[in-house]
Amino acid sequence: MTVAEAPAERPTGWREVDDGARRQRRRRRRIVVGLAVAEAPRLLRQPLVLAGLLLSIVLFWRETGGASPVLQRDSVYVAKSLLPLAVATLFALNLLGLRDRRLGTEELLAAMPHDDRTRWTAWTAVTAVPALLGAAATAAFTVVLVLRGSVGAPAWSELSVGLVLVWLSGLAGLALARWLPSVVAPVALVVLAAVATFQLNGDGTSRSRWLQPFVDFSTKADAIELARRPTVLHGAALAGIAVALGCLLAVRRRRPRQVAAAVSLAGAVAAGGLQLRPASQADIARARRFALGAPGTQRCASRGQVRACLYPGYVGWSGDYLAAASEVLAGAPSTGPAGRFTIYQRPPRLPVDAYPPRVLVAVDDALYRDAHEDSARVGMVKATGSGERDLYFRSAVGMWAAGLPPAPQPGKRLFTTEGDAEGMQPPVVMCSAPDSRPVIGLWLAAKDHPATAKALADLARRATASAGTTAVWLIVAGGVYVEPGQAQAATRLARLPESRVKAVLRGRWAQVRAGRLSVDALARAVGLVLPRQSEPRAAPPSITGPTPPCP
Amino acid sequence: MIPVDPSATAANLRSETYGRSVVGRDLYKSFGATVALAGVDLSLGAGVYGFLGPNGAGKTTLLRIMATVMPPDRGSLELFELDPSHSLEAVRSRLGYVPQEPGFYSHFSVTAFLDYISILRGMSKTHDRREAIERVLPIVGLEASAGKKIRALSGGQRRRLAIAQALLAEPRLLILDEPFAGLDPEQRLRLRSLLVELGRRTTLVVSTHQTEDVAHLCDQVMVLDRGRIRFTGTAAELAAVAEGRVWLGPPTDRSDFAQALAGDVSRHLGARPDGREPAEPNVEDGYLSLLARDGDG
C-alpha cells in the first residue's frame, strides 16, 4: 500500500478554506447572474420561443383584427394572444432544464465548484426573459391598437394575466424538467391544461375554475365571467402558484424555501377562493344599475339635437356617433321631429338560462364582447365601422327622422329570445309600419354614405333572395320590422337623384311622418317602378306574436 | 500481491501527506453486489500519475471519487489538504476533471461553451473569462476552431476541448479519465505531448488502457485490479516486474501472452520456452505479468 497509516491529528497550520457563508452566497449570486445573462439571449433565439412569438402575433391579429378597437376590451385579447408564447416557453424551459441530461454533460458539470442548484436558480431567473418578451409583445400590441384608433384605456389587470401566464409556463417547464424529467411531461401538462380549460369548466360556474392555468378569456356571451373571475384575483392566483414554484426551484435553504412556497400557495388558494365567491344581492343590484341605468353610468356628449351617451371605455367614439347622426338628420327634407335624438350604449344580449339568481352578471366584460351584434337601443356600433354596422346605426337615426321609434318599445314583448329572468335585459320589441316611413328611414341612412348604401343593397338582395326570408336583420334598426319589399324599395330610391326625392318629400313630409304615405304612392311620386310583391311572408319562428303597428 | 514500494514507511508517508494534492485512505465503493473499490489508499503529490487496469478494475470509480463527483461509501479523502465534504467549493475550484465520455452542448461554439464553463467556475467578469479562454485555447491547439460549433469538431478536438474546459481555472489537480480513447495515432501523440506539458505545472491523473502512453507520460504508475491497487511505482519499476520473464522467438500458440512483433518473431511472457532468447521487459510486459501473476495467486 502506498499509504500505510493516516495521520492521527491535524498538524499546526492546517488550513480549512472557509470564506464564510455570506461571501459564498455573494459568489453564488454572481454565478447565477452570469449564467442567467449567458442563457437569456440563447433562450430568445430558441426556435420554439420564436415560433411561439410568431403565433402570438398571428393570434393577436386574428382576435383584434375584425372589431373596432377598444383598449379595455382588447386587453383581454392581447393577454390571450400570449398563450402560444406561454406554451412555447413551457417547452423551451423544459428543454433547457433537461439539457444536461439530454447531452450527457451531467458528469462534467458535477465537478464544477457550485452544485447544480446554482444552475437551477439561474434557469429560474431566466424564466423572466420570456415574460419580458411577452411584456414587449404586449406593449407592441397595445401600440398597434392605439395606432388603429382605439378608444378607452388598457385594462392593466387583464394585460398582466398574460405575462403571468408566460412566466408561470416557464417555471412549470423547469419544474417538470427537475421533478418529472421526461419529454412527455410538458405535452401531458399542456393537454391537461387544455382539458381543464375547455372541458372541466363546463358552463363557467365550476368551482375549480380558478385552478385553470390557461383560462379561456372569452366570455362567449356568458357574462358570468367577470363576476366569478375578477381578473386581478385570477392573476393573483396564477402569480401565487408561480412564486411557489419559483421558490421551490431556486431558493437553496430548506426552511425559507418551504415557508415562501407555502405562503405563496396560500395566497393562490385565497385568491382563487375569493374569485369564486357567490355574488351578493348588492353586487347584483350594482350590476343591474350598471347594465340598465345608462343615463347614470354613461358619459354623454351633444352636438345640435343629437346626444351620444357611452360607457367610459367607449367615450372616444362619441364624435363618430354625433357626426353620423347629425349627417343623417341633416339629410331629412324638412325639419325633424321636435326634441333631441339620444343615443345610449346598451349591454349585449345575455342568455336567460345561464344566470342562476345568485350569480353576479359581469356586465362590463360582456359589454366588450361582440358589442356590435345587437344594438337594440341604438349606438352600440361604432359609427365608422363596416358598412353593415353603419347601416344599423344610420337607419335607426333615419327611422327616427321619418317619424318611427328609434328604440324598442317597453312592454310590448314580441321577440322572445331576448331578455332575461332577472330583468337585466329588457326584451327587444319590434313594431311594423307598412307605409313609406321605413323606406325613407333607410334612404336617409344610405343616400350620403356609399358604404351604407352598398350594405343596404346587399342585405335587401339577401332578404328577397329566397322564400321565407324576412328582413329581421333590421331588428337592430330601432325595432322596426322591415319587410323585404320595403328594403328593396329603399335600395332603388337611393339610386335616384337626391334632389328629386327631396323635392317630392318636402311637400309630403307631414303626411310621411303621420304614416299616411304608402310605399306605392311614394314610388309613383318619384317615378319609381317597384317589382310586384309576392304574398306577405310569415314572420320568423322566433317572433311569437303579431307585430304591433308602430306609433 | 507485489509490494512495490517497500520504502514507504508510515513515518515518511505521513511527512509526505501534507502538501499533497490527493490523499485517500481505505476508499471503498460498491454498486449493489459489485465492489468497485475495495479499500484503496493513495497519496498523490506533484507529477503525472497513470492508472492502469483492466475493464471493471475500478479506475473510473476512483477518478470520480477524486473528482468529488461521487462520494466513497467508506474511507476518507483529502484534496489539497481539505475535506471535500466540508470544503467542496474550495476543493472543486482547484481541480479540473474530464470524464471518460464528456458531453458537450453541441449547439454551442467552442468559445461559448468555454465561456459558460468559466461562469460556472466563478469567473463573473467578462474580461477574466475572455483572458482565460484565450489562455487555454492555444494550450490545447484549438485557436483556429474557436468559433466553430462543437458539433463540427472531430473526436480529437472534442477531447482537447474537454481538457481546455478543465484548464480554465488553472487547476492544481487535473483528472483525465481515458483521454486517449477513440483517438487516432496522430491525435494520441498530440494529446500525449500536451499532457506531458501540462504535467509540468499541475498534478495530472490519467487513467488509460494504453501502457505505451503511461510509459511516455507518467512519473508514477498505479495498477488497479478488482478494486485494489496492485502496484505503485515508476514505469521502469513496473517494467521490472517482468524481469526474466520476457522472451523473443518464433511465434507459438502455447503462451497466452504471445505478441507478434514482426515477421516470425514474437514476444513471450512467462517461463522460458525452448529456443527463446531473453528480452528487455517493457511497461506492458510488467503490467501483463503483474496481472497474470496476481491472477495465478
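Below, chains carry the letters A, B, ... as their sequence lines are ordered, and counting in each starts from 1.
Side-chain contact annotation: B:Arg92 with B:Thr68, donor-acceptor N/O pair under 3.5 Å present.
Within residues 118-127 of chain B, the residues having any heavy atom less than 4.5 Å from a heavy atom of chain A are, in residue-number order, B:Ile119, B:Leu120, B:Arg121, B:Gly122, B:Ser124. Among residues 36-54 of chain A, the residues having any heavy atom closer than 4.5 Å to a heavy atom of chain B are, in sequence order, A:Ala38, A:Glu39, A:Arg42.
Counting all heavy atoms, side chain and backbone alike, A:Trp123 lies closest to A:Leu96 at CD1-CD2, 3.5 Å. Nearest heavy atoms, A:Leu93 versus A:Pro130: CD2-CG, 4.2 Å. Between B:Thr234 and B:Gln220, the closest heavy-atom pair is CG2-NE2, 3.9 Å. Summarising the geometry of B:Leu95 relative to B:Leu79, their closest heavy-atom pair is CD2-CD1, 4.0 Å, with the distance given to 0.1 Å.
A:Arg119 touches chain B through its side chain: at least one heavy atom from C-beta onward sits under 4.5 Å away, while N, CA, C and O do not. Neither the backbone nor the side chain of B:Ala162 comes within less than 4.5 Å of any heavy atom of chain A. For chain A, no part of B:Arg129 is nearby; none of its heavy atoms comes within less than 4.5 Å.
Contacts classified as side-chain hydrogen bond (donor to acceptor under 3.5 Å, both in side chains) and involving residues 125-137 of chain A (residues at least two apart or in different chains) are given here: A:Thr127-A:Trp167.
The residues B:Glu89 and A:Arg28 are annotated as not salt-bridged, no charged nitrogen and carboxylate oxygen being separated by less than 4.0 angstrom.
Listed for the A:Arg178 side chain is a donor-acceptor partner under 3.5 Å among the backbone atoms of A:Leu249. Formation of a donor-acceptor pair under 3.5 Å by the B:Arg159 side chain with backbone atoms of B:Ala181 is found in this model. Side chain of B:Lys59 to backbone of B:Gly53: a donor-acceptor contact under 3.5 angstrom is found.
Top candidate by heavy-atom pairs under 4.5 Å with chain B, chosen from A:Arg99, A:Glu106, A:Arg102, is A:Arg99. Counting heavy-atom pairs under 4.5 Å between each of A:Leu109, A:Val32, A:Leu35 and chain B puts A:Leu35 at the top. The residue among B:Gly96, B:Ser93, B:Gly103, B:Ala166 with the most heavy atom pairs within less than 4.5 Å of chain A is B:Gly103. Contact count against chain A (heavy-atom pairs under 4.5 Å) is highest for B:Pro99 among B:Pro99, B:Ala112, B:Ala67. Contact tally against chain A (heavy-atom pairs below 4.5 Å) for B:Tyr116, B:Tyr97, B:Tyr105: the top residue is B:Tyr105.
Every side-chain hydrogen bond (donor to acceptor under 3.5 Å, both in side chains) that B:Thr60 has, sequence neighbours left out, goes to B:Gln100, B:Asp177.
Remark: A:Leu108 CG to B:Ile117 CD1 distance equals 5.0 Å, nearest 0.5 Å. One distance of note links CG of A:Leu163 with CG of A:Leu168; it measures 12.5 Å at 0.5 Å rounding.
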